[in-house]
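For reference, the structure is listed below as structure tokens.
This is a predicted model, so every value here is computed, not measured. Lettering follows sequence order; numbering is per chain, from 1.
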2 protein chains.
Amino acid sequence: MTNDLPLTKDMILDAAEQVLRRYGPDKTSVIDIAKFLQVSHGTLYRHFASKAALREAVTERWLDKSIAEPLQEIADRAEGSATEQLRLWVETLIEKKRMYAVDDPEIFVMYADVTVRIGDMIAMHIHRLIKQIASIIERGMQAGEFKPDSADAIAKAVFMATESFHHPAHAHEWSSETIDEDFETVWRLILSGLK
Amino acid sequence: MTNDLPLTKDMILDAAEQVLRRYGPDKTSVIDIAKFLQVSHGTLYRHFASKAALREAVTERWLDKSIAEPLQEIADRAEGSATEQLRLWVETLIEKKRMYAVDDPEIFVMYADVTVRIGDMIAMHIHRLIKQIASIIERGMQAGEFKPDSADAIAKAVFMATESFHHPAHAHEWSSETIDEDFETVWRLILSGLK
DNA sequence: TAAATGACAAAATAAAGATATTGTTATTTG
DNA sequence: CAAATAACAATATCTTTATTTTGTCATTTA
């Protein structure tokens with residue numbers, strides 16, 4: 001088809017994300033995405049093995065740029081109190097999840113969907129986040145701010161102990177009136193375990 | 001119908017539970033349950049407002065006798081270390097959930113189902129469990145074993161911080177090889193917050 | 001000749017009609 | 001007359017068929 005080529009993976013992902021957002025995950029076909037790009041749908045199979053693979057790629061890219069990267073920026077700051085840094089990191093994770101659940105429901109649903117079936121991709125995403133926490137905790141331990149221990153194990157525990165506040169299966173609880181004070185109490189509990 | 005009457009709510013719940021267990025939640029109709037009891041299906045509507053109400057009642061009774069009551073027994077013990085008692089209580093909760101997820105999958109699915117939609121009934125069940133934790137923590141505080149604080153708030157925090165290990169949405173994670181050490185680390189984190 | 005196409009089979013989804021279930025109530029029965 | 005029934009309407013589920021979508025691949029195009 002006469003068109004501004006070449007067609008890249010990223011162009012397809014951009015198109016897929018837009019169409020997915022407009023029609024929702026249930027109603028978008030790969031033909032819809034191909035139409036949007038003005039190519040034949042067969043072409044997309046040259047770039048992605050299956051519709052599922054395409055959806056996964058959209059979700060993965062979204063997780064990276066919307067969640068992991070902004071958090072990485074926080075985790076990389078190597079000055080000031082690790083306690084405050086850790087708190088900011090977890091608060092930001094929670095805030096972003098809450099925000100996207102409301103503001104970007106179609107993509108959030110796709111993410112929640114792959115999460116409950118725990119795909120490889122989600123496992124890697126979570127692993128990356130836990131590594132970020134570990135790096136903050138490690139710094140806090142070296143500064144004598146946190147008591148010495150296995151940073152990796154503690155990081156995973158911090159992630160798990162706060163799952164009520166960021167795991168998509170609990171999204172319906174996030175509209176509770178007491179959710180913020182609940183987090184506050186959990187946080188105090190966790191924090192005194194670190195000190 | 002010529003039968004050993006009268007028909008009680010509990011008889012219906014017994015029958016419903018058996019039929020539900022045999023056919024699974026998707027495949028059992030109220031006609032199936034009525035057949036099992038050798039009564040007309042209309043009769044069941046004399047005792048329960050709807051099929052949903054009947055299913056809820058089955059789930060509620062199961063939660064009470066399989067989860068809340070055994071835990072109540074542990075929470076009521078007023079001797080020995082509150083630390084150990086709290087640990088036993090939480091371990092028992094986790095162990096029972098894991099066990100029923102495998103051994104009683106049909107009922108567990110019904111329970112998981114009403115949980116994600118957080119019905120009133122589940123909210124009450126959770127409230128009851130948190131009260132049990134609070135009573136243990138209160139005793140620990142009075143004995144000087146835990147530092148003084150709002151027992152109710154802390155109890156909720158303990159419940160929430162351990163949800164990865166007992167909330168049905170996380171059931172698929174329970175087969176992880178590291179689940180026990182993960183819990184161990186979370187528990188240490190929480191416990192030092194109590195002391 | 002690398003990339004896209006279009007024609008095709010297989011699989012999934014949608015639509016329509018038939019069947020079964022849920023829920024109500026007037027009637028029956030012990 | 002209290003409790004169960006049986007007949008009924010409204011809803012939901014299943015079944016069958018038609019349509020669409022997914023995925024493959026031989027052919028075309030730049």
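In the set dA4(C), dT22(C), dG23(D), the nucleotide with an atom closest to the side chain of L7(A) is dA4(C). For R46(B), the listed nucleotide lying nearest its side chain is dA4(D); candidates were dT22(C), dA4(C), dA4(D). Of the candidates dG23(D), dG6(C), dT22(C), dG23(D) carries the atom nearest the H41(A) side chain, counting heavy atoms from C-beta on. Closest approach to the I31(B) side chain among dT5(D), dT5(C), dT22(C) is made by dT22(C) (side chain taken as heavy atoms from C-beta onward). Comparing atom distances between the Y45(A) side chain and each of dT5(C), dT22(D), dT5(D) picks out dT22(D) as nearest.
Atom C1' of nucleotide dA3(D) and atom CG of L37(B) are separated by 15 Å, given to the nearest angstrom. Note: CG (L44(B)) to P (dT21(C)) measures 14 Å, nearest angstrom. One interatomic measurement links the two molecules: NZ of K35(A) to P of dT22(D), which rounds to 11 Å at whole-angstrom precision.
With a 6.0 Å cutoff to the six-membered ring centre and a 45° limit on the axis angle, K9(B) counts as a cation-pi contact of F48(B).
Neither OP1 nor OP2 of dT20(D) sits under 4.0 Å from any side-chain N or O of K27(A). Regarding contacts with the backbone of dA4(D), every side-chain N or O of T43(B) stays at 4.0 angstrom or more from both OP1 and OP2.
The stretch residues 12-26 of chain A does not touch DNA chain C, since none of its heavy atoms comes less than 4.0 Å from the strand. Scanning residues 47-60 of chain B for heavy-atom distances under 4.0 Å to DNA chain C yields S50(B), K51(B).
A salt bridge links E91(B) with R87(B): at least one charged nitrogen is closer than 4.0 Å to a carboxylate oxygen. A salt bridge does not link R22(B) to D32(B): none of the charged side-chain nitrogens sits closer than 4.0 Å to a carboxylate oxygen.
Relative ring orientation between H41(B) and Y45(B) is described as perpendicular, the plane-to-plane angle rising above 60° on a 0-90° scale split at 30° and 60°. Using the six-membered ring where Trp is involved, W62(B) and Y111(B) have ring planes that are tilted, between 30° and 60° apart.
Looking at heavy atoms from C-beta onward, D182(A) lies in side-chain contact with F165(A) at the 4.5 angstrom threshold. With contacts defined as side-chain heavy-atom distances shorter than 4.5 Å, the pair V114(B)/R55(B) does not qualify.
Considering NE2 of H167(A) and OG of S164(B), their distance stands at 7.5 Å, rounded to 0.5 Å.
Put simply, the residue from W174(A), F159(A), F183(A) that forms a ring-ring contact (aromatic ring centres under 6.0 Å, His included) with H166(A) is F159(A).
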